[in-house]
Amino acid sequence: MVDEINSLGREKIDEIVANEYPEFLIKEKREEKHELPELRNVHGRVVMRMAPSPSGPLHIGHSRMAILNDEYVKRYGGELILRIEDTNPDNIDPDAYQLIPEDLKWLGVNVTKSVIQSSRMEIYYRYARDMIKSGHLYVIERDQKYFHDMKMKSLAVPERNASPEENEEKFDRLLNNYYDEGQAAVVMKTDLNHPNESIRDWIAFRINKTPHPLTGDRYVLYPTMNFSVSIDDHLLGLTHVIRGIDHLVNTEKQRYVFRANNWKEPEYYHYGFIKIPDSVLKTSTIKEGIRTGRYTGWDDVRLGTLMALRKRGYSPETFRRYWIMSGMRESNAVFSWDIFDSIDREIIDYKSMRFFFVNNPVKINLENNIDLKSHVPYHPERPDLGFREYDFHVNSDIYIDENDLNSIDEGEYIRLKDLCMARKAGGKISYVPDDGRRKLRVIHWCPVNSIDFKVYRPDGTVDSGKLEPLAESLNGVAQMERYGYINKSGCTGYYLHR
RNA sequence: GCUCCGAUGGUGUAGUCCGGCCAAGCAUUCCGGCCUUUCGAGCCGAUGACUCGGGUUCAAAUCCCGAUCGGAGCACCA
């Protein structure tokens, strides 16, 4: 039967279907849904975590892991742990301990519990001691090159076979500050024949004598991320871990700790890299920029930090929708400011009041022979918000954008938005009575008593011009007609997007 | 070089696990038009993709093999 039908050929089949079963040709419009996929092995509540290192505040890239984890905890219920990973004293900005939670709060991420790894050192030591006793950890007293060369060749260093007692003795020496940096380390025993050299016996603890911002010089032996993460993921009861593909190999390493202790492993997910164009994100670059005065601070609008994006007026909801839309694919992608801004516009448009901001202002006289009145709603679709009203007596001055002035042809009729018709003659724009004609070019304007206003753009340029008086007392996100959305704060504004 | 991962229009995604409803959906951008006293919003339309080559099958974006391209890791960083 099937063979018979298939042998008919596409056109013949279409013909038969069209004649005899026309109802099959009606296509339902498929709904688009941007939902995150279900997680594997969810039994009731989930426990998830975000694990930033405190090297600075969060940037737009970090917001992905925060949103993804938060979304799932919101969906299934459970705990969302913020774990600050500060086990490398060389890479800590003390301010980050405050800034990170503030960023998360602004994003609407509901952290139910916070832990700081540097306050859990005794826990790591205790588990290390246990794992030394069970033969999973050993201490080397060698420079790293020797150790590294040996494992590249799948060879065991002699210490690998030392007795637990011997290792514990050395471990105590490590704890008691007996060695200099680089002279000794604690190693996780994995598999020297693993095809991926970096997964073979990896370093679990190393010496670092840089004073720690929180614990000072109390400790000199710090766990590496792969060790402390494994211990904490287990102890905190993580059910699901979502992080970037840069951790793919780390996940493999951490599994050895779980297996060594017979612990139940969380479900792991890794999302791909996102290239974020036109953004300064690198913490070291930003820090250096702030130090040299190139940037005004972490919230400089030229930066891609959440602080900067917040200052420009982005809605936290935009981040959420964007990252949910991006999902958890392992393939790399390019961040789209177009899409991001479009989402943001959708969110803010309805609640943004409209104003006139004239950039590059030039004063002109309207030469109006009658009094004029402008009566404009604060929002074109929302008369409930009220109206902006300005009165103009005979021969009023107004400001218009010099670029507008120059782009109007001699003799051309234009419309000054919500004010009157005008015509360019002899290089000047003058009032003409409204004859009701349509489709004229529309330009905006500002009354002479407008305030001086500056707008800082993310590309580093600054627009300065005139802002209509009724906008003076209002702060927050507003739309400057024919210019774009800005976030206003006093006499300055920050450019959001078109 | 070694190990691992990935590949759907310009961009982002849906579909891939469990082959047929996919002659491939949605969003965004660009282009054309409408509407509009904003360059915002809205409406209509158009262009545009399953990396390539084999294989399996009645049937492949989907399964298998290979190639190509891209990415990550190869730290006593996270």
Side-chain angles (χ1 to χ4, degrees), chain A residues 1-7 10 14 24 27-35 51-55 85-88 90-91 140 142-144 147-148 152 181-187 194-200 202-208 221-226 228-229 243-250 252-253 270 272-275 277 322 324-327 329-343 345-346 348-350 352 354-356 376 379-381 414-421 434 438-444 479-485 497-498:
Chain A
M1 178 72 179
V2 172
D3 290 345
E4 197 179 305
I5 292 171
N6 277 317
S7 68
R10 182 83 211 185
D14 284 348
F24 285 136
K27 273 190 180 172
E28 267 176 61
K29 188 158 179 168
R30 258 177 284 171
E31 281 266 326
E32 171 213 18
K33 58 173 181 213
H34 280 303
E35 258 183 22
S53 63
S55 52
E85 311 212 322
D86 57 348
T87 55
N88 177 12
D90 290 325
N91 185 32
I140 52 170
R142 303 275 190 170
D143 62 87
Q144 42 186 303
F147 173 72
H148 187 256
M152 291 304 275
E181 286 187 20
Q183 279 188 335
V186 182
V187 178
H194 197 288
N196 186 341
E197 300 96 334
S198 82
I199 290 175
R200 296 174 195 163
W202 44 264
I203 303 296
F205 286 86
R206 82 294 201 189
I207 298 166
N208 187 320
L221 183 67
Y222 289 90
T224 57
M225 171 254 196
N226 278 311
S228 56
V229 162
R243 51 182 174 178
I245 50 168
D246 47 329
H247 288 292
L248 237 21
V249 175
N250 291 326
E252 212 42 54
K253 293 185 189 180
H270 302 90
F273 268 35
I274 286 263
K275 217 178 258 143
Y322 188 88
I324 288 173
M325 191 193 282
S326 299
R329 291 157 47 97
E330 278 193 26
S331 47
N332 298 341
V334 179
F335 184 87
S336 167
W337 285 105
D338 274 339
I339 294 175
F340 193 73
D341 288 348
S342 155
I343 293 171
R345 225 176 278 128
E346 202 177 303
I348 63 171
D349 185 71
Y350 186 72
S352 299
R354 268 54 170 178
F355 292 108
F356 287 157
V376 206
H379 189 293
E381 282 105 58
I414 60 151
R415 198 175 285 283
L416 289 166
K417 188 171 186 289
D418 302 304
L419 180 60
C420 65
M421 260 177 66
D434 195 331
R438 299 161 72 85
K439 306 213 179 199
L440 292 176
R441 172 148 34 155
V442 177
I443 69 165
H444 66 292
Q479 191 207 81
M480 301 298 126
E481 298 196 34
R482 302 210 309 138
Y483 179 75
Y485 293 87
H497 48 65
R498 182 175 54 82

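Of the candidate nucleotides B:C35, B:A78, B:U38, B:U38 has the atom lying nearest to any side-chain atom of A:Val442. Checking B:C39, B:A78, B:G40 against the side-chain heavy atoms of A:Arg482 singles out B:C39 as nearest. Of the candidates B:U38, B:G40, B:G6, the closest approach to any side-chain atom of A:Lys417 belongs to B:U38. Listed nucleotides B:A78, B:U36, B:U38 differ in distance to A:Thr224; the shortest reach to its side chain belongs to B:A78. Among the nucleotides B:U37, B:U28, B:G40, the one closest to the side chain of A:Asp418 is B:U37.
For B:G6, the paired nucleotide is B:C69, the pair qualifying as Watson-Crick or G-U wobble because both relevant distances are below 3.5 Å. Across every strand in view, B:G20 sits in a pair with B:C58 that passes the Watson-Crick or G-U test at under 3.5 angstrom. Checking B:A46 for Watson-Crick or G-U wobble geometry (two distances, each under 3.5 Å) identifies no partner in any strand. Base pairing of B:A78: no nucleotide in any strand meets the Watson-Crick or G-U wobble criterion (both distances under 3.5 Å). Searching all strands for a Watson-Crick or G-U wobble partner of B:C26 with both distances below 3.5 Å returns B:G12. Pairing of B:U38, defined by two Watson-Crick or G-U wobble distances under 3.5 Å, is not identified with any nucleotide.
The side chain of A:Arg345 places an N or O atom within less than 4.0 Å of a non-bridging phosphate oxygen (OP1 or OP2) of B:A41. Taking only side-chain nitrogens and oxygens, A:Arg206 comes nearer than 4.0 Å to OP1 or OP2 of B:A78.
Minimum heavy-atom separation, A:Tyr485 to A:Ile348: CD2-CD1, 3.6 Å. Scanning all heavy atoms of the two residues, the minimum distance from A:Asp86 to A:Pro54 falls at CB-CG, 3.6 Å.
Here A:His270 lies out of heavy-atom contact (under 4.0 Å) with every strand. A:Asp86 comes within 4.0 angstrom of nothing in the nucleic acid, heavy atoms only. A:Pro52 comes within 4.0 angstrom of no nucleic acid atom, judged by non-hydrogen atoms across all strands. In this structure, A:Arg243 reaches neither bases nor backbone, as no heavy-atom distance under 4.0 Å exists between it and the strands shown. Within the 4.0 angstrom heavy-atom criterion, only backbone atoms of the sugar-phosphate kind lie near A:Arg498; the bases stay farther away. Within the nucleic acid shown, A:Gly182 comes within 4.0 Å of at least one base atom, counting heavy atoms only. Among the heavy atoms of the strands lying under 4.0 Å from A:Gln144 is at least one base atom, whether or not backbone atoms are also near. Residue contacts shown for A:Gln479 include a base, since a base heavy atom lies under 4.0 Å away. Counting non-hydrogen atoms under 4.0 angstrom, A:Ser55 reaches nothing in the nucleic acid. Residue-level contact check: A:Tyr350 touches neither bases nor backbone, having no heavy atom under 4.0 Å from any strand. Using a 4.0 Å heavy-atom cutoff across all strands shown, A:Asn226 reaches no nucleic acid atom at all.
Here the P atom of nucleotide B:U29 and the CG atom of A:Asp341 are 10 Å apart, to the nearest Å. B:U28 atom P lies 8 Å from atom CE of A:Met325, rounded to whole Å. The distance between atom CD1 of A:Ile199 and atom P of B:C4, rounded to the nearest whole Å, is 9 Å. What separates CD1 of A:Ile343 from P of B:G12 is a distance of 14 Å, to the nearest Å. Nucleotide B:U28 holds its C1' atom 7 Å from the CG atom of A:Asp338, rounded to whole Å. The nearest whole Å value for the distance from the NE2 atom in A:His379 to the P atom in B:U36 is 18 Å. The CZ atom of A:Arg438 sits 13 Å away from the P atom of B:C34 (whole-angstrom rounding). The distance between atom CD of A:Glu481 and atom C1' of B:U37, rounded to the nearest whole Å, is 9 Å.
Put simply, the side chain of A:His148 never gets that close to the backbone of A:Asp143: no donor and acceptor are under 3.5 Å apart. Side-chain N or O atoms of A:Trp202 include none that pairs as donor or acceptor with a backbone N or O of A:Val187 at under 3.5 Å. A donor-acceptor pair is defined here as one N or O able to donate and one able to accept, closer than 3.5 Å; no such pair exists between the side chain of A:Tyr322 and the backbone of A:Trp337. A:Arg206 places a side-chain N or O within donor-acceptor distance of the main-chain N or O of A:Pro223, the cut-off being under 3.5 Å. Of the possible donor and acceptor atoms, none in the side chain of A:Arg354 sits under 3.5 Å from a partner among the backbone N and O of A:Glu481. No donor-acceptor distance shorter than 3.5 angstrom exists from the side chain of A:Asp434 to the backbone of A:Cys420, with no hydrogens or angles considered. Remark: side-chain polar atoms of A:Arg200 are paired, donor with acceptor, to backbone N or O of A:Met152 under 3.5 angstrom.
B:U56 and B:C64 have their C1' atoms separated by 7 Å, given to the nearest Å. Of the C1' atoms belonging to B:G6 and B:C50, the separation is 15 Å, rounded to the nearest Å. A distance of about 9 Å separates the P atoms of B:G40 and B:C30, rounded to the whole Å. Of the C1' atoms belonging to B:A75 and B:U29, the separation is 42 Å, rounded to the nearest Å. Between B:U3 and B:U8, the distance separating the two P atoms is 25 Å to the nearest Å. Rounded to whole Å, the separation between the C1' atoms of B:C58 and B:G42 comes to 49 Å. The separation of B:U51 from B:U16, taken at their P atoms, amounts to 16 Å, rounded to a whole angstrom. Nucleotides B:C2 and B:U62 have their C1' atoms positioned 31 Å apart, rounded to a whole Å.
Between A:Glu381 and A:Ala185, the residue whose closest nucleotide on RNA chain B is further toward the 5' end is A:Glu381. If A:Asp434 and A:Arg329 are placed on RNA chain B by their nearest nucleotide, the residue sitting closer to the 5' end is A:Arg329.
In this structure, the salt bridge (charged side-chain N to carboxylate O under 4.0 Å, His left out) partners of A:Arg441, at least two apart in sequence or on a different chain, are A:Glu412. Among residues two or more places apart in sequence or in another chain, the salt bridge (charged side-chain N to carboxylate O under 4.0 Å, His left out) test is passed with A:Glu346 by A:Arg321.
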Base versus backbone protein contacts along nucleotides 66-73 of chain B [heavy-atom cut-off under 4.0 Å; B, S, -]: -----SSS

